Amino acid sequence: MCIFDKKFKSESMDFTEVYPEQVKTETQCGLSIAFFPDLPNEWQINLESRRYIGNKAKLSTWLSDILLESTNYYKDCDTFFDVFAGTGCIAKSMFASFKKVIVNDILHSNQVIYKAFFLKTAWDKAKVFNLLDTYNTLNTNKLPENYFSENFGGKFFDHKNAKLIGYIREDLEQRKREGELNEKEFCVLLATLIYNIDKIANTLGHFDAYIKKPIRHQTLYLKSIQPIEFEGIEIYREDANDLVRKVKADIAYIDPPYNSRQYNRFYHIYENLTEWKKPELFGVALKPKPENSSVYCTTKAKEAFQDLVENLDAKYLAVSYNNTYNAKSQSSENKIKLVEIEEILKAKGETKVFECDHPYFNTGKTEFNEHKELLFICQSIRN
DNA sequence: CTTCGATAGGTATGTCCTAG
DNA sequence: CTAGGACATACCTATCGAAG
């Protein structure tokens, strides 16, 4: 058994003193030490360590600097509202500066991730550790076939890992049903599963398609996520245009999808795993019937954006944009033009634009010689 | 101490098909 | 013809260790 069981319960434990031994222990007993502060990054799974389309993690310093400087946040701003929060990285970077941070995203999986990382409710860490330990030491050869392995085995994951993932998810469901896990504990475990399978998925970062070449086996080992709990967090899973009619904020950050790529299609595996309703699946990529598609990925994007801005009750609006509007492929072309964004924001209030050279990543043949990440800051004219 | 090559990690688009 | 969905995938960069 692991020495951690006992030590973890001790409030006054000196982490630095026992630290090198603990790192070794971790690999042997499968118990994650990710909840311990001051450990090197390779032993933690952070909110940022996730593959996600349009991920703003690398821009968060630039973004928050501009945001905080240009909005006088320290004088009269208490509430930050991330309307399309995605990974939640930008929202997290605001915890130190605001009393209240509101996050919203339509995807179920992102919801679980916010609860796991941010929610400040009581949970039994030792229980979570022990369960992860159990999962990490399972004999994967003896696991039964299940929904996940039957559908995704040999495709998005190798068969062994798919069986393990399906087994763990089913086990979590049962423990939740029996009241053995509270919501926070369940979310931490499920988010941990999501973050770890992200690392071994047979894809190029999303689940719109899988790689057809033979799958290289990688061991699935669950390293615990490291929550950053925040008292002032408020979590929603609503249509952005509905939600803005209900909440108020000092600063609202708007980073919608800008091209026709639907996030619910990219991350259907996580949605499936989170909801665990075992839906019927279609097509080569085994996606369920579309749910929670975004109007921002369609030709109605401009109208939706206009409606959003008009109804948003915030002192400041910050809007992210990049100039990928001349892509060769129609699917990647921005649905809202730069001038349209400017126009809509200017009607709302005084608007400034900031730009940053963002080293673009591109698998295609379109050349973005001057790829820029833009940030609009609009000070709302309050009536 | 410097350079080079291997490897891991991260993120985006190209292209075809079909329904209306 | 158009829009959106389905299917498929590449390339750049940071890092680390070996070699010079």
Side-chain angles (χ1 to χ4, degrees), chain A residues 40-61 86-87 89-90 151-152 154-157 194-221 223 255-272 280-304 320-337 356-373:
Chain A
N41 282 337
E42 59 266 32
W43 293 102
Q44 306 178 359
I45 292 204
N46 299 317
L47 183 71
E48 290 80 5
S49 82
R50 178 174 177 202
R51 305 197 282 175
Y52 201 79
I53 292 282
N55 191 354
K56 293 284 184 296
K58 281 184 187 151
L59 289 163
S60 75
T61 311
T87 57
C89 292
I90 297 301
N151 285 301
F152 304 122
K155 291 167 181 169
F156 285 104
F157 301 92
I194 289 174
Y195 266 70
N196 283 282
I197 67 174
D198 176 37
K199 310 260 180 284
I200 59 158
N202 180 37
T203 65
L204 282 89
H206 58 63
F207 299 88
D208 205 21
Y210 55 86
I211 299 166
K212 298 299 179 289
K213 289 176 229 164
I215 306 173
R216 184 171 59 99
H217 175 76
Q218 298 178 82
T219 306
L220 175 59
Y221 176 85
K223 254 202 279 185
D255 182 24
Y258 277 116
N259 58 37
S260 76
R261 318 284 178 173
Q262 290 279 6
Y263 281 67
N264 62 341
R265 306 275 84 189
F266 274 167
Y267 301 107
H268 65 98
I269 296 258
Y270 299 151
E271 291 300 278
N272 194 333
E280 191 190 341
L281 303 172
F282 305 90
V284 175
L286 296 152
K287 295 167 187 163
K289 282 200 193 113
E291 235 178 63
N292 304 316
S293 294
S294 176
V295 67
Y296 288 85
C297 301
T298 73
T299 48
K300 300 198 178 62
K302 188 193 158 185
E303 289 159 45
S320 267
Y321 194 75
N322 64 58
N323 59 351
T324 57
Y325 35 78
N326 289 318
K328 274 194 187 125
S329 100
Q330 208 182 49
S331 301
S332 301
E333 219 168 82
N334 282 9
K335 290 292 180 189
I336 313 178
K337 300 282 173 216
C356 159
D357 291 314
H358 186 42
Y360 72 94
F361 167 78
N362 182 341
T363 66
K365 293 171 187 70
T366 305
E367 279 191 40
F368 296 124
N369 290 324
E370 295 197 9
H371 188 265
K372 298 246 192 280
E373 187 68 30

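Treat the numbers as computed from the prediction; the structure is a model and nothing was measured. In the text below, chain A, chain B and the rest are named by the order of the sequence lines, each starting its count at 1.
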Taking [atom1] from [X] and [atom2] from [N], how many angstroms apart are they, rounded to a whole number?
X	N	atom1	atom2	answer
A:Ile211	C:dC7	CD1	P	16 Å
A:Arg261	C:dA8	CZ	C1'	11 Å
A:Phe207	B:dG10	CZ	P	14 Å
A:Arg265	B:dT13	CZ	C1'	19 Å
A:Asn202	C:dT9	CG	P	10 Å
A:Asn259	C:dG5	CG	P	12 Å
A:Lys289	C:dG4	NZ	P	21 Å
A:Arg50	B:dG9	CZ	P	17 Å

Output, in order, the C-alpha distance, side-chain angles, deciding distance and verdict of side-chain contact (heavy atoms from CB on, under 4.5 Å) for A:Ser294 and A:Tyr263.
CA-CA 8 Å; A:Ser294 176; A:Tyr263 281 67; over 6 Å; no
Sort out for me which residue in A:Phe152, A:Tyr52, A:Phe156, A:Phe207 forms a ring pair (Phe, Tyr, Trp, His ring centres under 6.0 Å) with A:Tyr270.
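Testing A:Tyr270 for a ring pair (Phe, Tyr, Trp, His ring centres under 6.0 Å) against A:Phe152, A:Tyr52, A:Phe156, A:Phe207 leaves exactly one candidate, A:Phe207.
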Which part of the nucleic acid does [X] contact within heavy-atom distance under 4.0 Å: base, sugar-phosphate only, or nothing?
X	value
A:Thr298	sugar-phosphate
A:Gly205	base
A:Lys212	sugar-phosphate

Could you tell me whether a side-chain N or O of A:Tyr296 sits under 3.5 Å from a main-chain N or O of A:Ala304, the two making a donor and an acceptor?
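Judged by distance alone, yes, a pair lies under 3.5 Å.
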Backbone N/O of A:Pro288 and side chain of A:Asn272: donor-acceptor pair under 3.5 Å:
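No.
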For the side chain of A:Gln262, counting heavy atoms from C-beta on, which of C:dA10, C:dA8, C:dG5 is nearest?
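Given the options C:dA10, C:dA8, C:dG5, the side chain of A:Gln262 is closest to C:dG5.
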Choose from C:dC7, C:dG4, C:dT9 the nucleotide whose nearest atom is closest to any side-chain atom of A:Thr299.
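Closest of the options to the side chain of A:Thr299: C:dG4.
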Residue mapping more 5' on DNA chain C - nearest nucleotide basis, A:Ala209 or A:Cys297
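Closest to the 5' end, via its nearest nucleotide, is A:Cys297.
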Between A:Asp198 and A:Arg51, is the closest basic N to carboxylate O distance under 4.0 Å?
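Judged by the 4.0 Å cut-off on N to carboxylate O distance, A:Arg51 and A:Asp198 do form a salt bridge.
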